[in-house]
Amino acid sequence: MDMKTDLGRGLLLKNPVMLASGTAAFGMEFEDFYPLEKLGALVTKGVSIDPIEGNPTPRIVETSGGMINSIGLQNPGARVFVEELLPQIRKHDFACVVNVFGYSDEGYKKVVEFLERSEGIDGYEVNISCPNVKHGGIQYGTNPEMTHRLVRELRSRTNRHLMVKLSPNVTDIMEFATACEEAGADSISLVNTLLGMAVDIETRRPKIARVVGGYSGPSIKPVALRMVYQVAKCVSIPVIGIGGIQSVKDALEFLLVGATAIQVGTANFYDPGIGGRLADELIQWLNRHGIDSLDDWIGSLEV
Amino acid sequence: MKQLKLFLKDKKTWFDTAILEFLTEEKKALAVKPGMFFMLEAETLLKKPISVLDVDSRSGSLKFLIRRIGKGTSFLYDLKPGAELTAIGPSGNAFPDPEGRPVLLAGGGSGIPPMFFLSRILPKKTFHVVYGGQGKADIVPLFGKSIPHRITTDDGSLGLKGTVVKGIRKIMKDDPQFCKALLFSCGPEPMVKALTHAFPELNHYTSLERYMGCGFGVCLGCVVKTVNGIKRVCVDGPVFNTKDLGWNHGHED
């Protein structure tokens with residue numbers, strides 16, 4: 001069974017299963033649950049040029065059908081990433097996509113320029129959709145002009161694969177996808193979390209210290225699936241589907257509506273074996289249904 | 001760390017608390033130490049961190065104490081023998097080995113499991129347990145007569161009327177070797193902070209309780225500020241020295 005999937009500009013995955021940024025740290029914790037070689041790719045926790053401490057706690061709360069997080073991009077910064085974490089990642093055979101974040105154009109440019117000096121990075125995922133920071137992140141991902149400008153700036157600074165992760169908190173997702181494509185992005189990943197909120201009626205306080213946070217989990221899948229479908233139809237670059245995937249059926253649905261690869265997010269928290277299992281189960285399912293290659297399945301939805 | 005299945009062999013209840021005894025053959029799970037915990041499936045999306053009460057590696061038994069508070073813990077409380085659960089663990093560090101030095105084990109309410117676990121493995125005569133609660137219903141009859149322990153309740157319905165601080169003062173008076181003992185604690189944060197204020201001279205390790213997303217170090221939901229930077233309670237803890245938490249000099253986390 002040919003499970004390879006090509007995201008363009010040299011980012012060829014051995015299978016379409018990726019771990020989503022912020023739900024897998026830098027991958028190493030999953031070694032206890034399955035051989036990491038089973039993965040197509042890992043998308044790292046967001047990396048910024050300088051270390052970020054993140055938001056006050058509570059940062060996480062479970063809600064109906066999902067959870068809200070407000071971590072605030074806690075990370076050790078690009079230098080520690082390159083010197084201490086990247087060598088660990090590179091002991092394994094899977095594509096390493098580094099999620100990059102900045103508080104401003106300068107911040108994004110600096111982190112990419114810094115990472116360009118290191119070997120072993122297969123691509124970048126530009127985080128313009130984190131809802132848990134005052135500046136950067138979703139500020140860019142909800143303004144098509146800023147999206148276009150930033151992607152163009154980063155495009156001129158790297159020949160590596162450039163993936164842009166979009167926010168679902170917009171009226172017209174296609175406008176943002178088109179802006180990315182026009183500015184030179186190689187692929188688009190979506191969706192990041194939906195802005196959400198949870199409160200406690202006994203204490204009359206928000207359940208997340210920063211009041212609002214990013215809502216994720218199985219309940220966001222229909223929204224994500226719709227957006228992936230819309231974007232896959234309107235751009236010609238590959239689309240990576242993210243949002244509530246917790247089974248092989250969910251993964252197949254995103255691929256069916258046009259995703260070239262998928263990312264598993266929140267499910268990593270409660271089912272840490274899922275990444276390795278999905279890679280196996282996708283092959284088994286396609287085999288059972290007499291489908292010869294992943295390419296034959298991708299985008300084969302009949303409307 | 002493993003993703004494993006647990007089979008419920010037996011359950012005992014005491015008011016809102018249940019003691020669940022599971023069976024497993026997973027060797028890594030049975031190598032668990034006091035202070036460590038498992039993430040237990042609880043009919044919720046996220047698994048719930050529950051610390052280990054006792055282990056018997058020969059019979060393959062793992063015991064947990066569950067206090068019925070929310071949706072997840074109520075599901076666990078209501079489980080019937082024969083049930084099968086998915087769990088992740090064992091997670092976390094453990095209380096340090098006192099290496100024969102005297103140690104006070106202070107547990108408040110549902111924070112008693114690691115203290116009970118320690119009382120099962122520490123050499124006799126080197127430790128004394130203090131078990132505090134608001135009232136009788138909070139105090140599960142765990143400790144036999146051969147285990148040196150003192151019970152305190154806020155309302156005086158069982159044991160000494162007062163808090164674990166009062167219990168420790170009493171133990172120190174009765175047996176001066178505990179005046180310079182190590183202090184291990186687990187319980188509500190006000191209790192632990194009261195202990196740090198009452199006994200600032202003691203080397204005090206506490207097991208923190210936090211809301212956790214994953215329980216194995218990737219979500220960064222359960223972090224705590226320490227003098228050594230931001231740490232994850234689930235894998236860098238849950239046991240911390242209270243000095244490292246800054247609790248001995250008036251800082252809040």
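Here is how names work: the chains are called A, B, and so on, in the same order as the sequence lines, proteins then strands, and each is numbered from 1.
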Are the charged groups of B:R210 and B:E189 less than 4.0 angstrom apart, N to O? yes
At a heavy-atom separation under 4.5 Å, does A:P218 approach chain B through its side chain, its backbone, both, or neither? side chain
If I take atom OH from residue A:Y108 and atom CZ from residue A:F101, how far apart are they, to the nearest 0.5 angstrom? 5.0 Å
Examine whether an atom of B:M1 lies under 4.5 Å from a heavy atom of chain A, and if so say whether it belongs to the side chain, the backbone or both; otherwise answer neither. both
Looking only at side chains, do A:E125 and A:S189 share a donor and an acceptor under 3.5 Å apart? yes
Go through the side-chain N and O atoms of B:T206 and B:S185 and say whether any donor and acceptor fall under 3.5 Å apart. yes
When rounded to the nearest 0.5 Å, the distance separating CD1 of A:I52 from CD1 of A:I71 is 13.0 Å
Top of A:G273, A:P272, A:P58 for chain B proximity - count of heavy-atom pairs under 4.5 angstrom: A:P272
Exercise: do A:S216 and A:N69 side chains pair donor with acceptor under 3.5 Å: no
Is there a donor in the side chain of B:T196 and an acceptor in the side chain of B:T242, or the other way round, less than 3.5 Å apart? no
Quick check for you: to the nearest 0.5 Å, what is the distance between B:K231 atom NZ and B:L208 atom CG? 13.5 Å
With chain A as the partner chain, list the residues of residues 57-93 of chain B whose heavy atoms fall under 4.5 Å from it, by residue number, and write 'none' if nothing qualifies. B:I88
Among residues 30-45 of chain A, which residues come closer than 4.5 Å to chain B, judged by heavy atom distances? A:F30, A:D32, A:F33, A:K45
Measuring heavy-atom distances to chain A, does B:Y211 have an atom under 4.5 Å in its side chain, in its backbone, in both, or in neither? side chain
Which one, A:I60, A:N268, A:T63, leads in non-hydrogen pairs under 4.5 Å with chain B? A:I60
Report, as yes or no, whether the 6.0 Å neighbourhood of atom CD on B:Q3 holds more than 12 heavy atoms from other residues, nucleotides or ligands. yes
Name the member of A:Q74, A:E62, A:E53 that forms the most heavy-atom pairs with chain B at distances under 4.5 Å. A:E62
Please determine whether the number of non-hydrogen atoms from other residues, nucleotides or ligands lying under 6.0 Å from atom CZ of A:R90 exceeds 12. yes
Would you check if the side chain of A:S129 reaches a backbone N or O of A:K165 as a donor-acceptor pair within less than 3.5 Å? yes
Taking NZ in B:K11 as the centre, count heavy atoms belonging to other residues, nucleotides or ligands within less than 6.0 Å. Is the count above 12? yes
